[in-house]
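So you know, we letter chains A, B, ... as the sequences are listed, proteins then strands, and number each from 1. Excluded from the calculations below are hydrogen atoms, water molecules and symmetry mates; all remaining heavy atoms, backbone and side chain alike, are included.
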Number of protein chains: 2
Amino acid sequence: MEMDGISRVRRFNRAVSTEIGALDSSFLGRGRPLGEARVLCRIGAKGATVAAIRDDLALDSGLLSRLLRSLEGQGLVEVAPDPADRRRRIARATKRGLREVAAYDRLSDTRAAALLERHSGRTWAALLEAMDRIACAVGAERIVIDTADPHDPDARQCLEGYYGDLARLFDTGFDPAVSLDPEPEALRPPVGDFLVARCDGMPVGCCALKGAGSAVGEVKRLWVAPAARGLGLAERLMAAAEARALGLGMTTLRLDTNRALTAAIGLYRRTGWREVPAFNAEPYAHHWFEKRIAPGG
Amino acid sequence: MEMDGISRVRRFNRAVSTEIGALDSSFLGRGRPLGEARVLCRIGAKGATVAAIRDDLALDSGLLSRLLRSLEGQGLVEVAPDPADRRRRIARATKRGLREVAAYDRLSDTRAAALLERHSGRTWAALLEAMDRIACAVGAERIVIDTADPHDPDARQCLEGYYGDLARLFDTGFDPAVSLDPEPEALRPPVGDFLVARCDGMPVGCCALKGAGSAVGEVKRLWVAPAARGLGLAERLMAAAEARALGLGMTTLRLDTNRALTAAIGLYRRTGWREVPAFNAEPYAHHWFEKRIAPGG
DNA sequence: TTCATTGCCTGACTAAAGTCAGCTAATGGA
DNA sequence: TCCATTAGCTGACTTTAGTCAGGCAATGAA
């Protein structure tokens with residue numbers, strides 16, 4: 001059997017649907033029908049409006065209503081009108097409800113751990129990487145870019161990935177101590193910013209904007225996680241950084257880069273950046289770029 | 001959110017279950033309840049005993065019975081006693097049934113293609129690779145090793161992977177024309193054999209046994225697909241090759257290998273192979289090994 | 001103030017899925 | 001030959017899921 005893309009997808013489907021079924025079966029096993037369990041977990045600790053639950057779980061209005069009544073009857077959920085619009089109603093888990101949600105959570109964790117345990121040492125990392133890649137590909141349209149503090153754990157995780165990549169790619173290796181490392185203050189509002197891209201909560205890329213309170217800013221630390229490459233995320237991060245730079249009052253952006261980062265260099269050239277003479281003494285840089293971003297510039 | 005293994009698995013689960021749901025929804029959309037469609041597809045072109053269907057789909061005996069009656073009523077399936085044991089009954093698809101199965105198949109193909117289409121060029125290969133890895137990890141216990149002809153398409157696919165790996169790994173590159181390439185006849189019974197490992201139908205590894213009709217055989221072309229590495233498949237292939245060698249009347253096995261293949265060399269040393277002086281003039285070889293396999297040897 | 005709209009609920013269904021006890025026929029060993 | 005076992009079937013259920021037509025109260029624009 002020659003395996004083309006389609007049969008490989010279908011084989012994947014077949015293989016995973018059993019696994020997924022097992023993971024989802026954590027929604028059973030507490031003596032509650034699937035529908036109720038799903039609604040309860042969707043409400044979770046934060047609560048949710050009835051409409052939000054209906055949309056997320058694709059439930060009929062009447063059916064959801066009944067499921068909520070049943071959960072109320074079990075003392076797991078309380079539904080109250082939204083003070084902002086008293087037609088709308090907000091469902092919240094009670095103390096007991098929260099305990100149930102936590103129990104479901106533990107069940108899911110156990111199943112996930114069991115899946116991992118079946119795969120000893122060596123395979124783990126590769127397996128998780130493959131899972132990340134698929135989750136990113138499937139959830140590509142859900143990737144969101146947000147401002148974050150450069151010391152935020154997600155930002156740190158991205159930076160670790162970034163430094164790791166540089167150390168691997170640069171023919172000289174990479175030592176952050178040797179590089180021109182910007183002060184964290186330069187990467188925070190009001191002078192600069194730090195953007196993190198997340199896919200379903202997992203950090204998958206970053207881009208820093210270094211400012212000095214002037215009209216010239218600098219783009220630093222553009223990075224995309226291996227699992228999220230090929231989805232056009234670098235472009236999106238750069239576009240977000242430019243938009244943010246405008247918001248911070250910058251009119252010109254600069255950046256420096258190493259010759260090993262060919263994909264990034266290609267991106268810069270493609271998106272309106274102009275190569276310029278060195279504007280700093282960054283020891284790892286071989287190319288310097290500039291882009292005027294002010295509207296009508 | 002720091003992502004540990006468990007949350008990554010759960011995130012993967014969440015991401016894929018939607019996708020899988022969409023792929024599985026091909027079981028709907030032909031105006032037949034899910035249960036019937038699943039049973040019909042399980043019967044497929046080959047037919048199946050009632051017990052096998054029951055086990056595979058985890059259906060209650062009574063429920064399955066009713067589903068079969070309904071499918072019979074629609075003229076899609078015929079159930080007849082198994083001549084070998086007339087208590088047991090075998091369900092087979094009728095002509096119309098086969099057409100229906102084919103239609104479901106096309107639906108699945110379409111969904112799979114749609115999934116791939118959403119991911120343009122660059123991502124495809126990486127995505128499929130990730131899918132293969134997960135399917136292999138999940139289906140590891142279903143990997144089977146069979147005899148195949150060295151010209152069989154699956155065998156060829158493995159050999160392409162093998163040559164590709166060698167070309168990448170050897171510091172000299174690799175040209176099959178320069179290497180001592182055994183005649184296909186030497187890799188076929190009654191003197192030799194060619195083993196292919198498959199996971200749910202996908203070729204994931206191979207191992208050749210070159211014979212000359214004497215008591216000394218040679219192990220060649222041990223290869224495991226990247227997606228199936230870390231699952232202990234190389235060990236299994238070597239063990240299968242040894243067993244097959246005994247069956248072909250060999251008492252001693254030899255092999256040569258390149259110094260770049262450190263994992264393979266480690267495996268040989270671990271499993272009772274003894275390094276010996278060069279026994280051939282293979283230009284790509286740096287190490288030669290030998291193992292006595294005759295029982296009590 | 002009127003009135004269409006929105007958001008959710010209830011009642012009255014149907015369909016699908018799942019459960020369980022008891023039945024019959026075939027099998028194979030004592 | 002007897003009889004325990006196996007394989008599957010049937011009838012008589014219950015539960016879960018899903019649908020749809022109203023209904024009522026809150027809302028907000030005319």
Report task. Calculate, to the nearest 0.5 Å, the distance between atoms CG and CG belonging to B:Leu116 and A:Asp4 respectively. Result ->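 Rounded to the nearest 0.5 Å, the CG-CG separation comes to 9.0 Å.
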Query - Most 5' of B:Leu34 and A:Thr49 on DNA chain C, judged by nearest nucleotide - result: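 Going by which nucleotide is closer to the 5' end, it is A:Thr49.
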Query raised in the report: How would you give the extent of chain B contacts on DNA chain C, as first and last nucleotide 5' to 3' within a 4.0 Å heavy-atom cut-off?
Result: C:dA16 to C:dT27
Report task. Under 4.0 Å between any heavy atoms, over every strand shown, what does A:Arg54 touch: base, sugar-phosphate, or nothing? Just pick one. Result ->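 Sugar-phosphate, no base atom in range.
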Query raised in the report: Nearest to the side chain of A:Asp60 - D:dT19, D:dT27, D:dC9?
Result: D:dT19
Spacing between [X] atom [atom1] and [N] atom [atom2], to the nearest angstrom:
X       : N      : atom1 : atom2 : answer
B:Leu63 : D:dT10 : CG    : P     : 13 Å
B:Leu64 : D:dG8  : CG    : P     : 9 Å
A:Arg89 : D:dT27 : CZ    : P     : 13 Å
B:Asp82 : D:dA7  : CG    : P     : 11 Å

Should the pair [X]-[Y] be classified as a salt bridge under the 4.0 Å nitrogen-to-oxygen rule?
X       : Y        : value
B:Arg89 : B:Asp82  : no
A:Arg10 : B:Asp109 : yes
B:Arg11 : A:Asp132 : yes

Query raised in the report: Should the pair B:Phe27 and B:Tyr104 be assigned to parallel (<30°), tilted (30 to 60°) or perpendicular (>60°) ring geometry?
Result: tilted
Report task. State whether the distance check finds a donor on one side and an acceptor on the other, under 3.5 Å, for side chain A:Arg66 versus base D:dG18. Result -> no
